[in-house]
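First up is the structure itself, then whatever we jot down about it.
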Number of protein chains: 4
Amino acid sequence: MATEVKSLNEECGIFGVWNDSQAALRTYFGLHSLQHRGQEGAGIVACNDAGTLVGHKGIGLLADVFDRPEYLNQLIGKSAIGHVRYGTAGSRGIENIQPLQFHFLSGDVALAHNGNLTNAVSLRKKLEQNGAIFQSNSDTEVLIQLVARQSEASFEDRLKAGLKQICGGFAYLLLTDEAMYAALDPNGFRPLVIGQLESGSYVVTSETCALDVVGAKFVRDVHPGELIKIDDSGYRISKYTNQTQLSICSMEYIYFARPDSNIYGVNVHMARQRMGNELAKENNIDVDMVVGVPNSSLSAAAGVAAQLQVPNEMGLIKNQYSTRTFIQPIKELREQGVKMKLSAVKAVVAGKKIALVDDSIVRGTTSQYIVKLLKEAGAKSVHLMISSPPLKYPCFYGIDIEKTRDLMAANLTVAQMCQQIGADSLHFLSLPGLVKAIGLKQTAPNEGLCVAYFNGDYPTSLYDYEAGFETPKTAGEYELSATMKPVS
Amino acid sequence: MATEVKSLNEECGIFGVWNDSQAALRTYFGLHSLQHRGQEGAGIVACNDAGTLVGHKGIGLLADVFDRPEYLNQLIGKSAIGHVRYGTAGSRGIENIQPLQFHFLSGDVALAHNGNLTNAVSLRKKLEQNGAIFQSNSDTEVLIQLVARQSEASFEDRLKAGLKQICGGFAYLLLTDEAMYAALDPNGFRPLVIGQLESGSYVVTSETCALDVVGAKFVRDVHPGELIKIDDSGYRISKYTNQTQLSICSMEYIYFARPDSNIYGVNVHMARQRMGNELAKENNIDVDMVVGVPNSSLSAAAGVAAQLQVPNEMGLIKNQYSTRTFIQPIKELREQGVKMKLSAVKAVVAGKKIALVDDSIVRGTTSQYIVKLLKEAGAKSVHLMISSPPLKYPCFYGIDIEKTRDLMAANLTVAQMCQQIGADSLHFLSLPGLVKAIGLKQTAPNEGLCVAYFNGDYPTSLYDYEAGFETPKTAGEYELSATMKPVS
Amino acid sequence: MATEVKSLNEECGIFGVWNDSQAALRTYFGLHSLQHRGQEGAGIVACNDAGTLVGHKGIGLLADVFDRPEYLNQLIGKSAIGHVRYGTAGSRGIENIQPLQFHFLSGDVALAHNGNLTNAVSLRKKLEQNGAIFQSNSDTEVLIQLVARQSEASFEDRLKAGLKQICGGFAYLLLTDEAMYAALDPNGFRPLVIGQLESGSYVVTSETCALDVVGAKFVRDVHPGELIKIDDSGYRISKYTNQTQLSICSMEYIYFARPDSNIYGVNVHMARQRMGNELAKENNIDVDMVVGVPNSSLSAAAGVAAQLQVPNEMGLIKNQYSTRTFIQPIKELREQGVKMKLSAVKAVVAGKKIALVDDSIVRGTTSQYIVKLLKEAGAKSVHLMISSPPLKYPCFYGIDIEKTRDLMAANLTVAQMCQQIGADSLHFLSLPGLVKAIGLKQTAPNEGLCVAYFNGDYPTSLYDYEAGFETPKTAGEYELSATMKPVS
Amino acid sequence: MATEVKSLNEECGIFGVWNDSQAALRTYFGLHSLQHRGQEGAGIVACNDAGTLVGHKGIGLLADVFDRPEYLNQLIGKSAIGHVRYGTAGSRGIENIQPLQFHFLSGDVALAHNGNLTNAVSLRKKLEQNGAIFQSNSDTEVLIQLVARQSEASFEDRLKAGLKQICGGFAYLLLTDEAMYAALDPNGFRPLVIGQLESGSYVVTSETCALDVVGAKFVRDVHPGELIKIDDSGYRISKYTNQTQLSICSMEYIYFARPDSNIYGVNVHMARQRMGNELAKENNIDVDMVVGVPNSSLSAAAGVAAQLQVPNEMGLIKNQYSTRTFIQPIKELREQGVKMKLSAVKAVVAGKKIALVDDSIVRGTTSQYIVKLLKEAGAKSVHLMISSPPLKYPCFYGIDIEKTRDLMAANLTVAQMCQQIGADSLHFLSLPGLVKAIGLKQTAPNEGLCVAYFNGDYPTSLYDYEAGFETPKTAGEYELSATMKPVS
């Protein structure tokens with residue numbers, strides 16, 4: 001029985017509220033605004049007046065998991081935490097859907113997690129050797145197993161002792177009948193914010209967009225190494241470690257977070273727009289119009305268009321209705337199947353030189369398809385502009401970026417990529433351009449961005465992932481632009 | 001027992017294919033691209049080799065109705081028609097979901113309909129007096145009841161005789177084991193197009209976007225008064241009446257059709273962009289940026305911004321995940337509930353003078369809410385620009401525009417509307433501006449647009465609706481712009 | 001397209017109540033006690049105070065169709081009718097589930113039917129030639145189509161005129177907003193009874209067991225040719241024809257009705273027990289014990305055991321949990337699959353001479369299997385005793401007895417049947433024995449039983465079925481007993 | 001947070017098979033025949049060729065949990081264990097449905113349990129103090145937590161060490177990728193048998209009826225204190241303790257097991273029949289007939305009737321269709337609701353002196369209702385005969401017998417019970433009569449029955465239940481018969 005060293009807790013959204021008469025409903029609304037962070041599963045656990053945790057969770061979108069009124073109505077109680085989850089194949093069992101619940105004779109604990117631990121496998125091995133039993137495949141559980149084995153008197157102290165032992169990227173929410181806890185890793189890889197309702201009660205969640213939706217005002221970002229305890233007396237911040245260094249994940253700004261969210265004071269939409277500006281400054285190409293890939297690249301496209309001073313056109317339409325389907329179309333219909341998601345507007349693009357703006361290239365297959373779609377719709381030329389640097393290194397802190405070998409830019413030069421995608425030219429934003437565009441205000445000493453996906457400069461040791469780490473074939477390649485080789 | 005004179009077949013999408021090895025699957029893909037035309041119900045009926053019609057239909061989105069593989073797999077056969085439906089309250093029973101199926105000892109007929117008949121109630125009364133029994137509340141059935149009572153020898157002739165007796169707006173698809181029929185009303189109120197697959201087989205559907213999705217090339221629009229018969233020998237066009245006059249519904253261009261569709265040669269997105277141009281030409285207001293209401297008004301917003309030469313900004317975000325929910329939030333959470341759909345990007349709009357572009361105002365409540373949302377996010381001023389004229393008259397041909405009394409512009413002057421919505425100013429596109437923006441090519445004598453919603457000039461008699469027709473209070477009011485009265 | 005002359009409305013249960021604050025719930029309870037009459041579909045239609053009929057129906061058992069509280073809760077109104085249905089393959093579409101609902105501008109009509117019409121196909125042909133359109137494959141609809149074409153002033157008179165034109169076996173319930181109607185065919189093939197609740201309100205249903213369950217007391221059987229009208233003024237009986245002759249279906253007594261029901265004053269359990277008595281009188285065989293096939297043959301087994309003066313033993317156990325399953329077991333597991341329903345009690349039957357009592361033999365495969373089961377469990381010999389005569393002729397009045405060619409007794413002599421089933425001997429009750437055992441009191445002139453399944457003596461013309469009628473090969477065979485031929 | 005000392009694993013059925021190409025399907029069939037042992041939840045876990053455990057489980061009947069083919073089809077593998085579960089209120093969460101699955105880096109373990117541990121709470125407290133985390137409320141988990149903390153080298157040795165520490169009644173099945181284990185408590189409270197398929201592969205299950213259904217032949221009962229290990233080399237029996245003493249639960253014979261099962265060589269149906277014989281010998285009452293409460297008391301009723309030499313009549317009918325319903329009938333309909341389950345056959349019981357036979361009296365409310373039902377149907381007198389002694393003491397070994405205070409016989413004398421139930425007389429079987437009727441063959445030294453429910457003579461210490469134990473008020477009362485006091 002082999003055990004794959006594979007993270008399972010990537011790309012999630014969390015929301016929690018303490019002391020709110022509509023705790024579960026508020027959490028439902030909050031999670032709905034975080035649905036972009038995970039669509040594979042969802043769950044909410046509430047703590048009722050008797051101190052019992054009651055939860056409901058399931059596979060699928062939030063609205064599908066809570067598709068009967070009784071599922072939400074039964075979650076009675078003044079505090080609740082919730083989770084939306086992105087799961088990779090093999091980890092989709094119901095036992096991996098969060099919040100996880102742990103039963104103790106002294107009371108229950110619920111736990112929701114966004115991130116990925118880098119030393120989970122070795123910790124788990126040690127714990128199992130000492131008799132620990134895991135209910136899920138998820139590394140999330142490691143924390144609670146550690147907490148259960150600490151000797152400190154208070155739950156908070158045991159929790160801090162546990163947090164000190166785990167490494168990687170994590171934003172945790174824990175709920176007991178006495179308090180809600182929020183903890184962030186020492187590098188602050190994942191966003192986590194505190195908000196306050198009009199009633200005075202506190203909310204903790206992954207993105208500020210969830211605060212807006214539930215009518216909470218922003219209080220502050222949670223900082224690296226902090227543990228927040230929220231109970232009936234308000235919130236209290238302490239640090240479980242002082243060895244911190246901000247390395248907020250740049251992919252949150254590039255494509256993951258919602259445009260209306262602010263992370264460390266920087267609005268995501270505007271950061272993307274500036275990425276587009278910088279990209280166009282670096283590549284002043286001659287086109288008739290800019291077309292962004294909806295919806296994630298529309299901000300960057302606006303930035304490109306403004307800088308190039310050509311129109312930003314709606315050349316691609318995204319179908320707004322669910323395309324989740326069991327249908328495995330026969331070969332001749334497969335491409336039509338893909339067309340369910342994206343359509344070209346022929347009347348817009350026909351005969352035009354187009355700057356197609358996308359936020360990133362992972363495997364390159366989608367880019368290849370979109371270029372083909374535009375050319376079939378009559379585009380004269382398609383110049384692909386990517387509003388981030390070439391993605392060559394995987395993420396071990398909670399974003400599901402494929403293994404090195406699966407990343408197109410780790411295997412091919414920009415010229416080869418351009419050729420394979422079929423674009424007339426291909427242009428990436430430079431790393432300095434990206435950092436400038438995000439423009440993080442330096443509000444704490446030594447703080448900054450994690451850009452390891454582009455340059456391999458991981459802010460922490462990789463621990464369990466060290467051994468399996470693969471260096472990209474293109475590690476020494478620094479070109480950012482290429483033009484299609486004419487067929488000779 | 002009162003019988004309300006209320007149309008029930010409004011706002012639908014239809015798709016049919018003949019002689020295709022993947023008829024039901026093709027129809028599924030086609031309907032998916034028409035989902036914007038109706039989200040209340042969906043159905044597909046296929047004709048198998050034994051000549052039997054087999055169908056599956058249900059309440060909800062297409063993907064929900066066909067949420068088990070067997071539902072589609074059982075629809076074996078080389079021809080199929082399908083329907084997505086918008087239903088008003090009271091008509092949501094499964095018996096009203098189309099395609100309707102009718103059983104005859106001589107073979108079955110399936111029928112799908114987009115439109116609204118103006119003489120259905122009087123026809124139905126007459127038919128019932130002669131023993132007809134209706135299986136649905138839908139007026140769609142009137143046609144088949146008429147057909148069943150004709151004495152002509154062939155089904156096609158009986159169908160033509162039936163078509164001659166119905167009035168209003170209609171695009172019908174009928175499926176028998178011998179042929180598929182498509183029929184359009186004498187005014188061509190609703191769009192209907194013919195396409196051809198690579199295999200040579202024919203497709204008929206509501207919008208060209210469905211042709212693109214299934215890989216069919218556009219053949220031609222169906223013209224007013226035409227009956228198309230498609231069978232194994234190809235397609236054949238005949239006219240069931242010569243008293244035709246094109247009056248294609250202008251609302252299809254304004255907000256109803258998908259941007260990538262073309263109707264009578266005019267691309268919808270570009271028509272909307274021109275509406276924005278015209279609107280800005282007519283109202284050269286001083287603003288910092290344009291913000292369109294996503295997704296339907298983004299095309300018009302681009303047009304406004306281009307003309308005003310100010311940036312077109314992403315000041316509003318639409319949550320792309322389903323907000324269908326059973327949740328009836330308590331009073332204090334209701335507004336948060338609405339926020340599930342739309343969020344303002346504070347970083348974009350704070351401190352700015354904004355031209356907010358929307359396609360139309362029906363009751364005005366949504367506009368009021370969006371203006372409030374932007375102001376709460378810090379907008380300095382919000383100028384609401386509507387890319388169509390004031391909507392004062394109901395539609396009787398298939399668009400679900402409320403009764404006269406429910407239309408804001410039928411009851412209030414533009415100044416009163418501006419005040420109630422809370423906008424700093426309010427501007428409508430003029431009717432000539434609209435007609436110019438759509439710019440329909442005159443390819444047939446006497447053809448044109450239906451703009452009755454704005455000026456009450458209905459192209460046909462209203463028949464059963466005549467008696468209940470209400471003239472708008474503002475019938476004589478022609479102002480198109482107003483500014484908020486300062487609080488004295 | 002061939003049209004098979006096949007009845008589709010066989011073996012059903014109906015229940016209706018007028019003027020009851022809990023009409024739909026009462027109907028639910030009533031139908032539950034009639035579930036043995038049909039398990040393929042169920043439905044309830046209620047008439048609310050506004051005179052609108054609202055229904056819910058679906059495929060499967062009653063408890064599965066009404067598996068959400070809202071399905072029943074929405075059926076508000078003081079009157080309701082309901083239906084449980086047995087459907088044959090090909091007729092299982094939702095459109096065939098009853099009560100059927102018909103929409104008229106002047107008000108709706110719901111209709112539930114137990115029985116089978118013998119002239120439905122020819123009536124339907126005639127109706128369709130005159131423009132009638134059928135919503136189902138069911139012959140049930142013929143009545144309402146006839147009613148719609150009558151010229152009489154009142155609904156009741158039109159209904160009577162319609163009833164006069166249909167032939168066969170039928171018990172109809174109709175609900176309008178003005179009254180509930182119950183009608184029985186001129187031969188009274190199917191049982192139908194009137195009951196009265198403590199509140200004074202009236203109930204009409206298929207069997208008296210449903211009266212007991214809803215707390216209603218028995219008022220009277222509905223008689224052949226009667227039309228009952230129940231409205232706020234009570235119930236009123238009229239006759240739509242005087243050409244009546246009671247021919248109550250003997251199969252209701254033999255196996256179809258519930259043991260605690262009384263039909264024309266005769267309790268079903270006691271009739272079956274007397275069939276067992278008569279069977280044993282006619283066949284005084286030497287056995288150690290009697291074993292009845294659970295549950296339908298336990299009454300007859302008791303009668304056999306009492307007469308033979310040997311113990312009536314529980315040698316077979318029926319699994320009381322649902323065996324409905326999608327599982328198509330592989331060949332080697334198929335027999336285990338069958339064992340899900342019935343098990344032999346080895347400790348009881350091992351080494352014993354057994355009189356196995358069953359109520360009838362249709363195809364003979366089940367009998368063959370049960371005999372094998374008992375022998376594998378160690379039975380010394382198995383003597384199969386059938387508490388009815390050999391079943392040679394199909395039923396055209398509403399019991400789903402297979403075509404002549406499918407009936408084992410129509411094709412084989414009793415000796416051949418015994419051999420094929422593998423029983424040590426085989427014994428049938430004689431026809432005079434059956435009639436004596438049922439012992440119908442002669443309360444009206446000329447009344448009696450239909451025993452056509454045994455002697456081909458159909459009480460009416462077969463109309464549409466005449467042409468396809470097949471005479472059994474064993475028509476002239478009158479033996480009732482046989483012993484297994486020893487292997488030479 | 002109080003922790004109730006309440007068993008949660010009562011009344012279950014387990015089935016496991018090793019090395020069978022149809023392991024999951026075989027388990028499905030086996031569990032179906034054990035459905036009477038638990039209807040609240042069901043699950044199956046299979047071990048696939050890669051050594052991974054895959055499971056599906058859910059709330060409800062087996063057929064409801066496995067209502068889609070994919071649920072069973074995905075359980076690929078040559079070994080499987082399954083569980084049907086009876087859960088008490090508060091323990092119905094999905095996390096308590098078995099088999100439980102535990103994830104170790106070295107491989108997974110699945111566990112299914114029938115029984116109840118008496119020292120689970122104290123063990124759990126100790127384990128949690130040492131860092132153990134429980135995934136369920138179920139005491140079942142205690143075993144695996146103990147196993148995880150043993151230091152022995154092999155899983156089997158660690159399992160034995162764990163089994164030595166738990167007390168109470170338990171039959172465990174465990175599945176790993178290397179073997180299937182079955183373990184029985186030192187008193188053999190619960191039945192557990194080994195069977196062999198035709199292929200030679202082995203099956204372990206709760207009752208012999210499951211062997212018959214899957215086509216396996218009986219090999220032997222599992223004996224107290226045994227651990228069975230089944231792997232590809234066959235089965236091997238060892239003892240984890242020598243301090244054993246057979247105390248098989250008498251309630252299995254009285255009402256819990258299926259009539260066609262044999263436990264320690266005694267057929268359940270025949271034991272019940274003998275209980276009826278003994279009961280009638282002890283109480284030679286004068287009645288016209290015997291009526292058994294279907295289905296559980298029909299065996300005993302046959303025994304009573306044979307001994308009294310009066311007819312055994314079908315005076316009560318049990319509805320064979322599911323009565324599971326969400327319906328909370330209004331007060332006036334509640335009794336009709338109860339009638340959904342049981343009906344009296346008036347024609348049988350009217351005017352008769354009846355011996356009503358039931359297997360036991362718990363709270364007495366059902367008996368009261370049935371007596372009333374018979375009297376309303378016209379019974380002249382109803383004499384209630386119970387085929388077991390008065391139930392005064394709760395069970396702590398796995399049968400869900402209520403707390404002392406809830407047991408009617410623990411609070412009232414037989415005379416008081418008779419009065420409250422409304423029977424004309426009430427008669428219980430004596431304890432010696434029960435033991436004689438079961439007639440367990442003494443195949444091992446010191447073996448025997450547990451009859452603590454009647455005399456409080458528990459075969460083991462009660463451990464965690466000791467403190468809360470309540471002595472029945474009627475502890476010193478030995479009367480077994482009473483007659484209704486005439487109203488003076």
Side-chain angles (χ1 to χ4, degrees), chain A residues 22 25-26 28-29 32-33 35-36 39 61-64 66-69 72 209 212-215 258-260 262 266-270 273 295 298-299 302 306 311-314 317-327 329-330 332-333 335-337 339-340 343-348 377, chain B residues 22 25-26 28-29 32-33 35-36 39 61-64 66-69 72 209 212-215 258-260 262 266-270 273 295 298-299 302 306 311-314 317-327 329-330 332-333 335-337 339-340 343-348 377:
Chain A
Q22 296 291 323
L25 183 57
R26 190 92 60 183
Y28 179 91
F29 287 132
H32 186 263
S33 77
Q35 186 81 79
H36 62 286
Q39 300 94 43
L61 293 174
L62 184 72
D64 292 332
F66 288 88
D67 64 350
R68 292 190 175 213
L72 203 54
C209 67
D212 295 340
V213 156
V214 304
R258 218 168 86 161
D260 53 334
N262 301 328
V266 175
N267 173 251
V268 170
H269 161 71
M270 302 208 42
Q273 212 168 29
N295 289 333
L298 297 180
S299 303
N312 179 21
E313 282 286 357
M314 192 194 285
I317 300 278
K318 189 178 176 191
N319 191 324
Q320 64 183 306
Y321 296 100
S322 163
T323 55
R324 99 197 110 97
T325 173
F326 55 84
I327 296 169
I330 54 163
E332 55 266 46
L333 279 176
E335 206 153 279
Q336 280 91 304
K339 285 180 186 166
M340 289 173 77
S343 308
V345 185
K346 288 180 194 175
V348 169
Chain B
Q22 296 291 324
L25 184 56
R26 190 92 61 184
Y28 178 90
F29 286 131
H32 186 263
S33 77
Q35 186 81 80
H36 62 285
Q39 300 93 44
L61 293 174
L62 184 71
D64 291 332
F66 288 88
D67 64 351
R68 292 190 176 212
L72 202 56
C209 66
D212 296 338
V213 156
V214 304
R258 220 168 80 160
D260 54 333
N262 302 326
V266 174
N267 172 252
V268 170
H269 162 70
M270 301 206 44
Q273 211 167 32
N295 289 332
L298 296 180
S299 303
N312 180 21
E313 284 285 358
M314 191 193 285
I317 301 277
K318 187 179 177 192
N319 191 324
Q320 63 183 306
Y321 296 99
S322 162
T323 55
R324 103 199 105 100
T325 175
F326 53 85
I327 296 169
I330 54 165
E332 54 266 46
L333 280 177
E335 205 153 280
Q336 279 91 305
K339 285 180 185 166
M340 288 173 77
S343 307
V345 185
K346 289 179 192 175
V348 169

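Quick note on labels: first sequence line is chain A, next is B, and so on, each numbered from 1.
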Step-by-step side-chain contact (heavy atoms from CB on, under 4.5 Å) determination, B:Gln273 to A:Met314: CA-CA 10 Å; B:Gln273 211 167 32; A:Met314 192 194 285; over 6 Å; no

Given that the side chain runs from C-beta out, which part of B:Ala344 has a heavy atom under 4.5 Å from chain A: side chain, backbone, both or neither? backbone

Does A:Met270 form a side-chain contact (heavy atoms from CB on, under 4.5 Å) with B:Val345? I'd like the steps, not just the answer. CA-CA 10 Å; A:Met270 302 208 42; B:Val345 185; 5.6 Å; no

May I ask you to name which of A:Pro259, A:Ser33, A:Ala377 has the most heavy-atom pairs under 4.5 Å with chain B? A:Pro259

Under the side chain to side chain contact (heavy atoms under 4.5 Å, CB included) test, residues paired with A:Leu62 that sit two or more places apart: A:Tyr28, A:Leu31, A:His32, A:Gln35, A:Ala42, A:Phe66

Rounded distance (nearest 0.5 Å) linking atom NZ of A:Lys346 with atom CG of B:Asp212: 4.0 Å

Interatomic distance, CG@A:Asn295 vs NZ@B:Lys318, rounded to 0.5 Å, equals 10.0 Å

Mind checking what makes side-chain hydrogen bond (donor to acceptor under 3.5 Å, both in side chains) contact with B:Asn262, not counting sequence neighbours? B:Asn267

Nearest 0.5 Å, what's the CG-CG distance between A:Leu298 and B:Leu298? 8.5 Å

